[in-house]
Amino acid sequence: MRQIWPGQAEQVYRVCFPSRVRPCHSRRVRASGERDAAIPAALLAWYDLHARKLPWRAPPGLPPPDPYSVWLSEIMLQQTTTAAVAPYFAAFTARWPTVETLAAADEAEVMAAWAGLGYYARARNLIACARAVAAGGGHFPRMLEGLRALPGLGAYTAAAVAAIAFGERAAVVDANVERVVTRLDAIAVPLPLARKTLPARVLAMTPEVRPGDFAQAMMDLGAAVCTVRRPRCLACPLAAFCAGFREGDSERYPVKPPKPDKPARTGHAYWIARGDQALLVTRPGTGLLGGMRALPDDGWNARTDGALPPPLPGPWRIGGTIQHSFTHFSLSLHLAVYSGSDWASVAALPGAWWPFGQIESAGLPTLFLKAARLGMAQGETE
DNA sequence: TACCCGTGGAG
DNA sequence: TCTCCAAGGGT
């Protein structure tokens with residue numbers, strides 16, 4: 001591990017910020033600038049040795065992957081772990097290798113391919129973004145403003161694509177970077193407020209050389225060293241610059257407000273099977289699990305919290321219960337299994353019949369996949 | 001601003 | 001088992 005000491009800072013500053021005028025008007029400003037310059041040098045040296053190998057990433061110092069791969073991976077990685085993303089990234093790039101092929105894809109197929117990854121608005125925005133880019137000639141905007149205007153790209157993702165795919169100097173601030181910087185600066189202000197100052201702080205540290213590697217190095221550091229619990233400060237290349245470490249309790253940053261507890265909801269999903277087929281529907285295009293295939297249900301998501309589901313409207317029995325936890329509420333979903341034989345009325349229901357053998361790959365979100373597996377385990381009905 | 005929006009792994 | 005939370009964005 002390469003260590004940077006104060007005497008090296010001036011040289012490091014020239015390496016990382018070749019075109020910037022060296023701040024020397026006051027000792028305090030110069031000290032701050034030297035620290036901000038030493039940080040990327042130490043971090044990049046660490047990254048050269050410890051970078052994670054990821055399918056959507058170029059090794060340290062090498063040219064980046066194509067912008068399509070960078071964009072696709074960044075969308076998938078929003079609030080999602082690298083382990084969860086890897087198989088989806090492989091499947092998407094194999095099936096839709098360019099932004100033009102994705103733009104031309106059938107929407108239902110893209111939604112089905114996204115099933116299980118969560119936050120399905122990302123998939124809807126993914127299609128809209130691909131079509132916007134393809135309509136403009138197939139090239140992603142290079143600069144921050146153009147990227148930020150695309151559907152599904154907020155401040156973080158626009159900056160990440162600009163830095164990683166195009167080598168633009170941009171403030172890439174995700175939860176990892178928030179954690180690293182609030183610890184480096186020992187920011188005791190709670191995050192919702194402190195968040196406003198972080199982009200400027202991160203931009204001040206971001207080097208003109210290798211800004212994409214710098215961003216990915218910050219995230220790798222947050223994932224492997226500057227972790228939420230029990231950070232490995234003794235192995236950290238930035239410990240010498242870290243006010244949180246100097247205080248002896250970097251773990252207390254970032255300061256976050258308490259979270260409201262999750263309410264509980266209850267509802268039914270309907271398992272209507274005849275022979276070896278079951279009825280599936282497509283949910284409305286917006287809202288929870290919007291646009292995804294699903295089992296019919298009794299509208300549990302629209303009911304106010306605590307309300308009980310309406311009585312079952314016919315010959316049903318309860319085939320089991322699925323416990324599922326969403327971001328902001330937990331759900332007890334009872335599986336109501338149709339036990340009647342009024343197949344004329346059943347045939348009039350909206351939806352489509354799916355053979356059991358195709359339900360696993362029908363593109364059901366996890367909640368409904370669990371419910372469908374429970375249904376198929378009931379045995380065939382007739 | 002505050003809330004809505006999935007899922008699975010780590011501890 | 002249960003809590004926390006991840007390469008956030010939209011409204």
Side-chain angles (χ1 to χ4, degrees), chain A residues 52 54-57 69-89 111 114-126 128-129 147-165 170-180 191-193 195-196 198-199 202 212 214-224 226-231 251 254 256-263 265 283-292 294 301-302 305 322-331 364-370:
Chain A
R52 286 180 290 179
L54 298 168
W56 47 85
R57 174 191 279 184
S69 295
V70 175
W71 163 74
L72 178 62
S73 64
E74 287 300 338
I75 301 297
M76 289 182 165
L77 286 162
Q78 289 168 5
Q79 296 283 283
T80 310
T81 58
T82 57
V85 164
Y88 286 86
F89 179 80
M111 298 304 290
W114 196 275
L117 199 54
Y119 284 135
Y120 298 99
R122 291 185 295 172
R124 301 194 293 269
N125 286 328
L126 187 83
C129 181
L147 289 164
R148 183 67 181 78
L150 291 169
L153 281 82
Y156 162 77
T157 308
V161 173
I164 297 171
V172 179
V173 185
D174 74 326
N176 287 302
V177 177
E178 287 176 353
R179 191 166 58 251
V180 170
L191 252 198
L193 187 59
R195 204 166 262 138
K196 292 195 292 188
L198 292 182
V202 171
F214 175 77
Q216 296 178 97
M218 289 284 269
M219 294 189 274
D220 278 20
L221 189 76
C226 196
T227 49
V228 176
R229 288 175 293 272
R230 301 192 50 170
E251 193 171 348
K256 293 185 177 183
K259 288 194 169 186
D261 46 346
K262 288 184 186 180
R265 295 185 189 178
R283 294 173 65 83
T286 58
L288 188 74
L289 308 174
M292 301 300 290
N301 188 42
D305 293 343
I322 305 282
Q323 290 294 340
H324 195 80
S325 185
F326 290 97
T327 306
H328 53 295
F329 67 94
S330 59
L331 174 69
L364 291 170
T366 300
L367 167 68
F368 288 112
L369 183 57
K370 288 194 285 190

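Below, chain A is the first sequence line, B the second, and so on; all start at residue 1. What you see is a predicted model; the values in this text were computed from it and never measured.
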Nearest heavy-atom neighbours spanning A:L191 and A:P254: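 Closest heavy-atom pair between A:L191 and A:P254: CG-CB, 3.8 Å.
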Can you give me the closest heavy-atom contact between A:M292 and A:P365, atom names plus distance?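 For A:M292 versus A:P365, the nearest heavy atoms are CB-CG, 3.7 Å.
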Within the 4.0 Å heavy-atom criterion, would you say [X] contacts the bases, only the backbone, or no part of the nucleic acid?
| X | result |
| --- | --- |
| A:R52 | base |
| A:W114 | nothing |
| A:L331 | nothing |
| A:R179 | sugar-phosphate |

Would you say A:N176 and A:R179 are linked by a side-chain donor-acceptor pair, where the criterion is simply a distance under 3.5 Å? yes
Roughly how many Å is it from [atom1] in [X] to [atom2] in [N], rounded to a whole number?
| X | N | atom1 | atom2 | value |
| --- | --- | --- | --- | --- |
| A:R148 | C:dG10 | CZ | P | 6 Å |
| A:Y88 | C:dA7 | OH | P | 18 Å |
| A:R124 | C:dG9 | CZ | C1' | 11 Å |
| A:L54 | C:dA7 | CG | P | 11 Å |
| A:L191 | C:dC4 | CG | P | 16 Å |
| A:E251 | C:dC5 | CD | P | 11 Å |
| A:L72 | C:dA7 | CG | C1' | 13 Å |
| A:L150 | C:dG8 | CG | P | 19 Å |

Residue whose closest nucleotide on DNA chain C lies nearer the 5' end, A:G152 versus A:T82: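 First, find each residue's nearest nucleotide; the 5'-ward one identifies A:T82.
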State, yes or no, whether a side-chain contact exists between A:L126 and A:W71 at a heavy-atom distance under 4.5 Å.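 Sidechains of A:W71 and A:L126: in contact.
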Can you check whether A:Q79 reaches A:Y119 side chain to side chain, under 4.5 Å on heavy atoms?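 Yes, close enough: below the 4.5 Å cut-off.
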Contact string for nucleotides 4-11 of chain B, one letter per nucleotide 5' to 3', B = base within protein heavy-atom range under 4.0 Å, S = sugar-phosphate only, - = neither, reads SBBBS---
Ranking C:dC5, C:dG10, C:dA7 by distance to the side chain of A:N125, first place goes to C:dG10
For the pair A:T227 (side chain) and A:A224 (backbone), establish whether a donor and an acceptor sit closer than 3.5 Å, ignoring hydrogens and angles.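 Judged by distance alone, no pair lies under 3.5 Å.
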Aromatic ring centroids of A:H324 and A:F326 under 6.0 Å?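 Aromatic pair counts; centres sit under 6.0 Å.
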Separation of the P atoms in B:dA2 and C:dA7, to the nearest angstrom: 24 Å
